[in-house]
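Note that these values count all heavy atoms, side chains included, but never hydrogens, waters or copies made by symmetry.
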Amino acid sequence: MKLVVENTCPTQWRFEYESNDPELENLYELAKTNQWNVTTDINWDQEIKNDSDILARKENPLGRSKFFARLSKETQQEVMANQAAFTLSQFLHGEQGALLCCGELVDAVPDIEGKLYAATQVMDEARHVEVFHKYLKKLDKHYPITDGLKNVLDAILAAETWQQKCVGMQIMVESLAMGSFKNMLVTADDQLLKDIVTLTARDEARHVSFGIISLQHEIPSMPEEERAALEDFALAALNILVGRRGDARLPGRSFGFEQPLIDAGLDPKEVQAALTEEFKTAPPPKTEQQPLFQAYMLPNLERVGLISDRMRPQYIEAGFINPQQAA
Ligand SMILES: [Fe+2]
Ligand SMILES: [Fe+2]
């Protein structure tokens, strides 16, 4: 795994210390007053009662399948416990990616109010790394970062402009994280995790606001060519982040976690074959919810003006936007 990412995004000084952006100033004030401490603001004495039910089984296509129902109780528990540790490990690695990216934003954003705000986010993300690491230590199980997540984060860290980093991290990754945390708050069955997610999601909401405020000011004034490059970057990042909708429907992709299966003594290929067969005759029950990227990320891309008339047909073609909703 490559540990070094070359970053060519320029660092900018700014000697106008007076802020011209009341919205960012307010967000900075909010960030200062909403700081919390992982050590003292979370009750770490709470026991995790059942590590196989931390994340709801019904949220997981494998957990809802007949194949799963036929496994022994012990294997079922092991698979679910491993998948919870796997998912939360990806959150931990994602939080480190956010920490590194936000450190870059302190350097790269042009205005002083953006630099000050981004500095508060660096502390937020440090806290998130700390809190997920501490929770995973309690679970006593963790997994390495997936290639897919590492590639996305590396692309954002290596991006050449602050606008690209801001779109990739603050709008896209942060919106997805917000959606996942909101889901977890409803479906997770562990009070300690819910306490962690409640405080973390409050921070993430500010991070998305930072992205929206900064880009809403920036994008309309960008030269046409740079704006088009930013629009293309967003769609390319979306393709890496969620895959094309057609792929996302494949059972292998939607549950996707191989190592947690292997660790529970299962063969991922056999599992995938069994589910593909099962879903051919009886498709997995549709959840009423929209996919997270549609519910949380696309509205924000729209809000900052990145789904332009030029881009909309490409989003439709890729299956990200439903043509009926596109008018
Ligand atoms: Fe975070
Ligand atoms: Fe964040």
Side-chain angles (χ1 to χ4, degrees), residues 9 12 19-34 94-95 97-99 101-125 128 152-153 155-156 159 161-182 200-222 226-238 241-242 290-309 311-312 315 320-321 325:
C9 181
Q12 302 202 47
S19 162
N20 287 314
D21 190 330
E23 270 184 293
L24 270 190
E25 259 185 290
N26 286 341
L27 202 62
Y28 178 58
E29 282 302 319
L30 198 63
K32 286 189 292 179
T33 48
N34 281 356
E95 295 294 355
L99 170 66
C101 179
C102 200
E104 291 183 348
L105 284 177
V106 174
D107 285 357
V109 294
D111 295 326
I112 199 74
E113 55 271 30
K115 289 181 187 296
L116 296 189
Y117 176 79
T120 68
Q121 188 178 328
V122 172
M123 187 57 226
D124 292 347
E125 306 297 8
H128 300 169
V152 171
L153 296 173
I156 295 170
T161 68
W162 74 264
Q163 294 95 332
Q164 289 176 343
K165 290 179 196 294
C166 197
V167 168
M169 180 53 68
Q170 306 296 129
I171 301 284
M172 303 186 74
V173 174
E174 297 272 5
S175 295
L176 273 189
M178 266 310 290
S180 307
F181 287 143
K182 281 192 176 166
T200 306
R202 198 174 70 182
D203 295 342
E204 304 298 4
R206 285 196 306 273
H207 305 169
V208 176
S209 298
F210 174 47
I212 292 175
I213 294 169
S214 308
L215 291 165
Q216 270 179 338
H217 294 174
E218 177 68 11
I219 288 175
S221 63
M222 283 174 85
E226 284 175 29
R227 183 181 170 147
L230 194 60
E231 291 171 354
D232 293 338
F233 177 87
L235 183 58
L238 184 58
L241 266 176
V242 302
Q290 274 181 308
L292 290 181
F293 81 89
Q294 281 183 344
Y296 293 93
M297 191 205 286
L298 291 189
N300 288 335
L301 286 176
E302 191 97 55
R303 202 163 294 157
V304 297
L306 286 173
I307 307 182
S308 61
D309 291 346
M311 296 306 290
R312 195 172 303 275
Y315 278 80
F320 294 138
I321 292 182
Q325 297 168 343

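- Formation of a donor-acceptor pair under 3.5 Å by the Gln216 side chain with backbone atoms of Val304 is not found in this model.
- In this structure the side chain of Asn26 never reaches within 4.5 angstrom of the side chain of Leu30, judged on heavy atoms.
- Separation of atoms CG (Asp203) and CD (Glu125) is listed at 8.0 Å; rounding is to 0.5 Å.
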#### Entry: Tyr315 vs Leu301, side-chain contact (heavy atoms from CB on, under 4.5 Å): CA-CA, chis, key distance, verdict
CA-CA 12 Å; Tyr315 278 80; Leu301 286 176; 3.9 Å; yes
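- Taking all atoms of both residues into account, the shortest heavy-atom contact from Met178 to Ala205 is SD-N, 3.6 Å.
- Between the side chains of Gln121 and Glu174, at least one donor-acceptor pair of N or O atoms lies under 3.5 Å.
- In plain terms, the two heavy atoms of Leu105 and Phe210 that are nearest each other are CD1-CE2, 4.3 Å.
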### Task
Please step through side-chain contact (heavy atoms from CB on, under 4.5 Å) for the pair Met297 and Val173, ending with a clear verdict.
CA-CA 8 Å; Met297 191 205 286; Val173 174; over 6 Å; no
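- Remark: Arg202 pairs with Asn34, Trp36, Leu199 by the side chain to side chain contact (heavy atoms under 4.5 Å, CB included) rule, at least two apart or across chains.
- Judged as a salt bridge (charged side-chain N to carboxylate O under 4.0 Å, His left out), and not counting sequence neighbours, the contacts of Asp124 are Arg127, Arg206.
- The side-chain heavy atoms of Ser19 and Leu24, taken from C-beta on, include no pair separated by under 4.5 Å.
- With sequence neighbours excluded, the residues satisfying side chain to side chain donor-acceptor pair (under 3.5 Å) with Glu104 are Asn7, Lys165.
- Under the side chain to side chain donor-acceptor pair (under 3.5 Å) criterion, no residue pair touches residues 110-120, with sequence neighbours excluded.
- Taking both residues in full, the closest heavy atoms of Cys102 and Ala118 are given as SG-O, 3.4 Å, listed atom of the first, atom of the second, then distance.
- Minimum heavy-atom separation, Val122 to Leu99: O-CD1, 3.4 Å.
- Looking at heavy atoms from C-beta onward, Leu176 lies out of side-chain contact with Tyr296 at the 4.5 angstrom threshold.
- A 4.5 Å side-chain heavy-atom check between Phe233 and Leu306 finds every atom pair outside the cut-off.
- In this structure, Leu241 and Phe293 have side chains that are not in contact, with every pair of non-hydrogen atoms separated by 4.5 Å or more.
- Atom-to-atom distance recorded for Leu230:CG and Met311:CE is 10.0 Å, nearest 0.5 angstrom.
- The line from CD of Glu25 to CG of Asn20 is 9.0 Å long, rounded to the nearest 0.5 Å.
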### Query
Are Val109 and Gln12 close enough, and set up right, to give a side-chain contact (heavy atoms from CB on, under 4.5 Å), and what steps lead you there?
CA-CA 7 Å; Val109 294; Gln12 302 202 47; over 6 Å; no
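- For Glu302, the side chain to side chain donor-acceptor pair (under 3.5 Å) partners at least two apart in sequence or on another chain are Arg312.
- Between Ile171 and Gly211, the closest heavy-atom pair is CD1-C, 3.7 Å.
- Between Met172 and Val167, the closest side-chain pair of non-hydrogen atoms falls below 4.5 Å.
- Note that the SG atom of Cys101 and the CD1 atom of Ile156 stand 6.0 Å from one another [nearest 0.5 Å].
- The shortest distance between side-chain heavy atoms of Leu153 and Met169 falls below 4.5 Å.
- A 4.5 Å side-chain heavy-atom check between Arg227 and Glu218 finds every atom pair outside the cut-off.
- Every residue two or more places apart in sequence or in another chain that forms a side chain to side chain contact (heavy atoms under 4.5 Å, CB included) with Cys166 is listed here: Trp162, Gln170, Ser214, Leu215.
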